[in-house]
2 protein chains.
Amino acid sequence: MNMESDKQQFRMTRQRKVILEELRKVTSHPTADQVYEMVRKRLPRISLATVYRNLETLSAAGEVLKLEVSGTQRRYDGDTSEHHHARCAMCGSVIDIPAKAFPMPKIPSEAIEGFDISGYRLELTGLCQNCRATKAV
Amino acid sequence: MNMESDKQQFRMTRQRKVILEELRKVTSHPTADQVYEMVRKRLPRISLATVYRNLETLSAAGEVLKLEVSGTQRRYDGDTSEHHHARCAMCGSVIDIPAKAFPMPKIPSEAIEGFDISGYRLELTGLCQNCRATKAV
DNA sequence: ATAGGTGCAAAACTTTTGCGTCAAG
DNA sequence: CTTGACGCAAAAGTTTTGCACCTAT
């Protein structure tokens, strides 16, 4: 009996491997489409559907994170360590904040109506350095 | 010169009013489509496009919140007071946590790379009471 | 052999836009 | 009269699915 069998099984195909590698390589929280473009440089014949399917598989396996951020387009994160996000209201970019900069808060249990908390993420909103510079435009 | 002119101007039309009222009425963080269904009971001829346009207008005016939560479908919140969200990983429902249960954290400035923080929101993940009960299924 | 993966194309779903008309100031 | 808003339909954008073929067990 294996405890911790959250992670589902899958074969590490060439496509899967490249997607994971590319996603681990960046800190930019790309959308599926952006991952597609990145991966396409190495596997020109890969299809967008495969990227979607594999991002799904990898996130189900806990290898990547599907971010619950952003408006219309989903973003993925190759860094599964605990961390938070700051999102720029202007350009939509997301930067990471290491979890140790900010430890798990204590939430009074009466505030959460029987909710069983498994994870937390702090979502900061504001303007990134770059957009702050060009704000005057 | 008026400081605090974030809020844009608009006419409070019948449609707008009903959308706002319905959104204020619930705590369920409905999607545009759900708002449409709610509003349609009172204004059967309203179009989905109008709902989208008005949710956009109202959120630009700060009357409602566009949530940065959830995967594919955007959710809206009629409660603009400071509060956090706990999202159920199973059913996707979102419950509110009053901000006073959890004050604004102090983030070390070196962790945020020149980011100018205007807002923060804590996003908890877990299982809601209801899904916890039916988890065994 | 078989189970899972892939590419392609089509479908489904969500959100936005163009346009002619309407309503309020 | 002018401006903003509406309804409708079409378009655009994002994600999922069906299917035939492939490829590692």
Just the rounded figure in Å: distance from [atom2] of [N] to [atom1] of [X].
X	N	atom1	atom2	value
B/Met12	D/dG4	CE	C1'	14 Å
B/Glu56	C/dT15	CD	P	11 Å
A/Lys66	D/dT15	NZ	P	10 Å
A/Arg74	C/dT15	CZ	C1'	15 Å
A/Arg11	D/dT23	CZ	C1'	7 Å
B/Leu48	C/dG18	CG	C1'	16 Å
A/Asn54	C/dG5	CG	C1'	8 Å
A/Leu55	C/dT6	CG	P	12 Å

Go through residues 27-44 of chain B and report each residue with a non-hydrogen atom lying under 4.0 Å from DNA chain D, sorted by number.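 Residues of residues 27-44 of chain B that come under 4.0 Å of DNA chain D do not exist, since none gets that close.
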
Please enumerate all residues that pass salt bridge (Lys or Arg N to Asp or Glu O under 4.0 Å) together with B/Lys41, with sequence neighbours excluded.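 Here no residue qualifies.
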
Counterpart residues, salt bridge (Lys or Arg N to Asp or Glu O under 4.0 Å), relative to A/Glu37 (two or more places apart):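 In terms of salt bridge (Lys or Arg N to Asp or Glu O under 4.0 Å), with neighbours along the sequence ignored, A/Glu37 is linked to A/Arg40.
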
Just report the end-to-end axis angle for the helix from C/dA1-D/dT25 to C/dG25-D/dC1, five pairs per end, to 10 degrees.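 Computed angle between terminal axes is 20°.
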
Taking all atoms of both residues into account, what is the closest heavy-atom pair of [X] and [Y], and its distance?
X	Y	value
A/Leu58	A/Phe10	CD2-CZ, 3.9 Å
A/Arg75	A/Ser28	NH1-O, 4.0 Å
B/Val51	B/Ala32	CG1-O, 3.7 Å

Are any of [X]'s side-chain N or O atoms less than 4.0 Å away from OP1 or OP2 of [N]?
X	N	answer
B/Arg16	D/dA5	yes
B/Thr13	D/dC6	yes
A/Tyr52	D/dT16	no

Identify, with sequence neighbours excluded, every residue that meets side chain to side chain donor-acceptor pair (under 3.5 Å) alongside [X].
X	answer
B/Glu22	B/Lys25, B/Arg42
B/Thr50	B/Ser47
B/Asp77	B/His29, B/His83, B/His85
B/Arg53	none

Tell me, for nucleotides 7-13 of chain D in 5' to 3' order, what letter each nucleotide earns: B for a base near a protein heavy atom under 4.0 Å, S for only sugar-phosphate near one, - for neither? BBB----

Spacing of B/Arg74 atom CZ and B/Leu55 atom CG [to the nearest 0.5 Å]: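 Atom-to-atom, B/Arg74:CZ and B/Leu55:CG are 10.0 Å apart.
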
Salt bridge B/Arg16-B/Glu63, side-chain N to carboxylate O under 4.0 Å: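 No, no charged N to carboxylate O under 4.0 Å.
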
